[in-house]
Amino acid sequence: MSEEKSLNFIEEIIEADLSSNKCASISTRFPPEPNGYLHIGHSKAICLNFGLAAKYGGTTNLRFDDTNPVTEDTEYVESIKEDIKWLGFNWTNELYASDYFDKLYAFALELIEKDLAYVDDSSSEEIALLKGTPTEPGKPSEFRSRSIEENRTLFTEMKNGVYKDGEKVLRAKIDMAHTNMLMRDPIIYRIKHAHHHRTANKWCIYPMYDFAHGQSDSIENITHSICTLEFIPHRELYEWFIEKLNIFPSRQYEMARLNMTYTVMSKRKLLQLVNEGYVNGWDDPRMPTISGFRRKGYTPLSIRNFCEKIGVARRENMIDLSLLEFCLREDLNVTAKRVMAVLDPIKLVITNYDADKTEELIAENGPDETMGTRLIPFSNTLWIEREDFMEVPAKKWFRLAPGSVVRLKNAYIVKCESFEKNENGDISTIYCTYYPESKSGNDTSGISVKGTIHWLSAAHAATAEIRLYDRLFKVENPSAEEGDFKSFINPDSLTTISSAYIEPSLVESKLDDRFQFIRKGYFCLDKDSNPEKLVFNRTVTLKDTWGKIAD
RNA sequence: UGGGUUAUUGUGUAAAGGUAGCACUACAGAUUUUGAUUCUGUCUGUCUUGGUUCGAAUCCAGGUAACCCAACCA
């Protein structure tokens with residue numbers, strides 16, 4: 001039974017265009033500005049653009065929208081390329097809006113010759129003033145009626161560096177009374193004596209977004225140019241330039257951007273978090289950046305599945321973080337190697353197990369048998385999780401308590417006989433007896449237990465630093481709250497355990513390995529690790545039904 | 001108070017005039033050597049008021065609400 005999956009509105013447009021022969025094949029593009037790191041919102045656009053081309057047999061260009069030299073940098077270009085590749089996509093061409101500066105300059109000249117552009121000497125304040133407001137029409141600048149010759153001369157001089165920043169701009173001549181503010185003679189070129197990351201000092205005039213984006217799409221024969229809702233008003237201008245320049249008719253389609261609970265998505269806010277030290281860089285595992293998710297241990301597949309599940313539509317949305325986490329666990333559950341680690345240790349001594357004895361016990365690496373098994377050392381002195389013992393057991397408690405029995409995962413069933421407290425009243429040691437015939441794999445004891453807990457042999461365990469991450473913000477939508485969004489940062493977004501116990505096999509971990517620390521969550525090695533000190537990041541917790549009951 | 005866009009369960013997203021479906025979340029139960037996974041089940045929805053129609057989430061008219069637009073940013 002193959003169930004017909006419904007199309008999103010862009011797929012419907014594409015299928016209509018293809019079947020009506022409006023276009024023979026499709027071309028999309030992903031057009032980031034290299035002024036910051038990519039975040040999970042960008043991955044929606046990436047998956048959509050690349051996914052559409054893959055589905056319909058088209059091409060996808062990676063085009064850097066680098067028309068503003070003062071904010072852009074090659075550091076960002078490199079990170080963006082790395083992130084897209086990591087997500088699993090390959091672009092057809094790597095291009096830059098700056099590749100088209102000569103063509104765009106010629107386009108501007110063409111508009112001047114058609115008397116559709118003019119040089120304005122007004123200051124930005126004067127231009128803003130004459131622009132009017134959404135409810136009042138604008139008024140023409142005194143420079144609007146300059147002759148074509150004069151405009152040509154002045155624009156050439158602008159390009160040749162005769163004028164200082166802000167002294168002159170080139171504007172399209174459209175309609176100062178238009179209801180769309182963007183059509184009120186928009187600025188299309190401005191003077192910036194700035195170093196550009198690719199063209200260096202060749203240019204001192206740079207095209208604005210509106211004069212670069214549509215024409216770049218057109219130059220590349222992009223058929224479906226997908227952007228977010230806030231660009232709806234730009235579409236009219238986008239089409240105006242294409243029409244007046246009589247170039248390939250790319251078409252713009254808008255979709256809602258991704259918003260997610262418990263985080264912020266604007267580059268401005270993310271930059272603040274980095275610059276003001278609320279996080280440790282763009283790839284801090286608490287950041288919603290692709291590099292942050294990668295470092296935290298997310299898999300490319302989980303993010304692609306997430307982008308598939310959230311859909312594409314034109315209404316504002318706020319996606320539950322739990323959907324992303326569901327996609328993550330869904331992937332990790334079948335791929336992560338199962339190992340044991342004790343984050344908050346308490347000593348357990350098995351009084352009837354020979355103190356000099358060590359056994360190698362068999363443990364499965366994962367739920368799938370093809371993942372194989374490994375041997376783990378067992379002895380009479382173990383570390384177990386402090387939270388797995390209760391002096392006075394709660395209702396429905398089926399872990400360790402005085403007189404109760406539990407199974408040690410992959411080992412024996414033990415019975416708690418007694419315990420000791422230290423001078424602070426904290427439990428320091430638990431004493432148990434074990435049932436030799438209850439050995440994992442060939443249990444003939446006939447004892448049934450409700451609880452199974454993880455453990456580590458104290459003599460054999462290695463140590464590591466473990467970083468536990470929680471949501472970055474305390475509130476679902478920090479941007480919508482009154483006041484500074486930074487005041488809603490979760491103070492417990494990072495908990496560092498400087499010395500936790502891990503099973504010996506983990507000392508050989510590699511950066512790409514994914515683990516489930518049994519009963520504790522999914523973890524991965526952090527790049528801060530070195531031969532002296534291993535560092536693990538918690539990628540995501542396991543679902544915790546007991547935690548809810550206990551509350 | 002100009003223009004544009006949108007409104008389906010707690011959250012997403014389908015239904016192209018004909019059974020309001022799917023996923024996440026939440027809750028309940030079964031299985032479990034991870035209180036995980038897996039399996040089974042349950043709950044809640046068409047912004048509003050009218051109209052057209054045998055029949056409206058869908059078409060029409062009027063409200064309402066949210067978001068976007070007045071950078072030499074993208």
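Throughout, protein chains are lettered first and strands after them, A, B, ... in sequence-line order, and every chain is numbered starting at 1. From a predicted model like this one, the values you see are computed outputs, not experimental measurements.
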Paired and unpaired positions of RNA chain B as dot-bracket, Watson-Crick or G-U wobble under 3.5 Å, | denoting a partner strand: .((((((..((((....[..)))).(((((.......)))))....(((((..]....))))))))))).....
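For the P atoms, the distance linking B/U58 with B/G50 amounts to 14 Å, nearest Å. Rounded to the nearest Å, the gap between the P atom of B/A23 and that of B/U38 is 13 Å. Of the P atoms belonging to B/U46 and B/A56, the separation is 15 Å, rounded to the nearest Å. Rounded to whole Å, the P atom of B/G21 lies 12 Å from the corresponding atom of B/G45. Separation of the C1' atoms belonging to B/U42 and B/G63 is 37 Å when rounded to the nearest angstrom. When the P atom is used for both B/U9 and B/U5, the distance is 23 Å, rounded to whole Å. Straight-line distance between the C1' atoms of B/U11 and B/A26: roughly 11 Å, to the nearest whole Å. B/C73 and B/A66 have their P atoms separated by 31 Å, with the value rounded to a whole Å.
The CD1 atom of A/Ile10 sits 13 Å away from the P atom of B/U13 (whole-angstrom rounding). Between A/Met255 atom CE and B/U5 atom P there is a gap of 18 Å when expressed in whole angstrom units. Residue A/Arg184 contributes atom CZ, which lies 13 Å from atom P of B/G4 at whole-angstrom precision. Protein atom CG of A/Leu258 is 14 Å distant from nucleotide atom C1' of B/U13, rounded to whole Å. If you take CD of A/Gln252 and P of B/U5, they are 13 Å apart, rounded to a whole angstrom. A/Phe9 places its CZ atom 16 Å from the P atom of B/U8, with the value rounded to the nearest Å. B/U13 atom P lies 14 Å from atom CD of A/Glu12, rounded to whole Å. Residue A/Asn317 contributes atom CG, which lies 12 Å from atom P of B/A7 at whole-angstrom precision.
Within the nucleic acid shown, A/Val70 has no heavy atom closer than 4.0 Å to any nucleic acid atom.
Around the NZ atom of A/Lys131, the shell of radius 6.0 Å holds more than 12 heavy atoms that belong to other residues, nucleotides or ligands.
A glycosidic torsion no more than 90° from 0 defines the syn conformation, and B/A71 adopts it.
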Annotated protein contacts, base or backbone, on nucleotides 25-41 of chain B with a non-hydrogen cut-off under 4.0 Å, one of B, S, - each: SSS-----BBBSS----
Nucleic acid footprint by protein, nucleotides 68-74 of chain B - heavy-atom cut-off 4.0 Å, B for base, S for sugar-phosphate alone: SSB-BSB
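Residues A/Ser302 and A/Leu332 are not in side-chain contact: their nearest non-hydrogen atoms beyond the backbone lie 4.5 Å or more apart. Side-chain contact between A/Arg235 and A/Arg251 is absent, with no heavy-atom pair separated by less than 4.5 Å.
Here the OG-CZ distance, from A/Ser404 to A/Phe398, works out to 12.0 Å after rounding to the nearest 0.5 Å. Annotation: the span from A/Trp383 atom CH2 to A/Leu348 atom CG amounts to 11.0 Å, rounded to 0.5 Å. Separation of atoms CG (A/Leu237) and CZ (A/Phe231) is listed at 12.5 Å; rounding is to 0.5 Å.
The shortest distance between the side-chain N/O atoms of A/Arg314 and the OP1/OP2 oxygens of B/U5 is not below 4.0 Å.
At a cut-off of 3.5 Å, with distance as the only test, no side-chain donor of A/Tyr435 or A/Asp443 sits close to an acceptor on the other residue. Between the side chains of A/Glu325 and A/Tyr298, no donor-acceptor pair is found at a separation under 3.5 Å. A side-chain N or O of A/Arg29 and one of A/His213 form a donor-acceptor pair less than 3.5 Å apart.
Salt-bridge check for A/Asp66 with A/Arg198: failed, with every basic side-chain N at 4.0 Å or more from each acidic carboxylate O. The pair A/Glu385-A/Arg399 does not meet the salt-bridge criterion, since no charged nitrogen lies less than 4.0 angstrom from a carboxylate oxygen.
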Working for salt bridge (Lys or Arg N to Asp or Glu O under 4.0 Å), residues A/Lys267 and A/Glu33: CA-CA 11 Å; A/Lys267 265 187 200 171; A/Glu33 182 186 14; 5.0 Å; no
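The ring of A/Phe523 has its center no closer than 6.0 angstrom to the ring center of A/Phe536.
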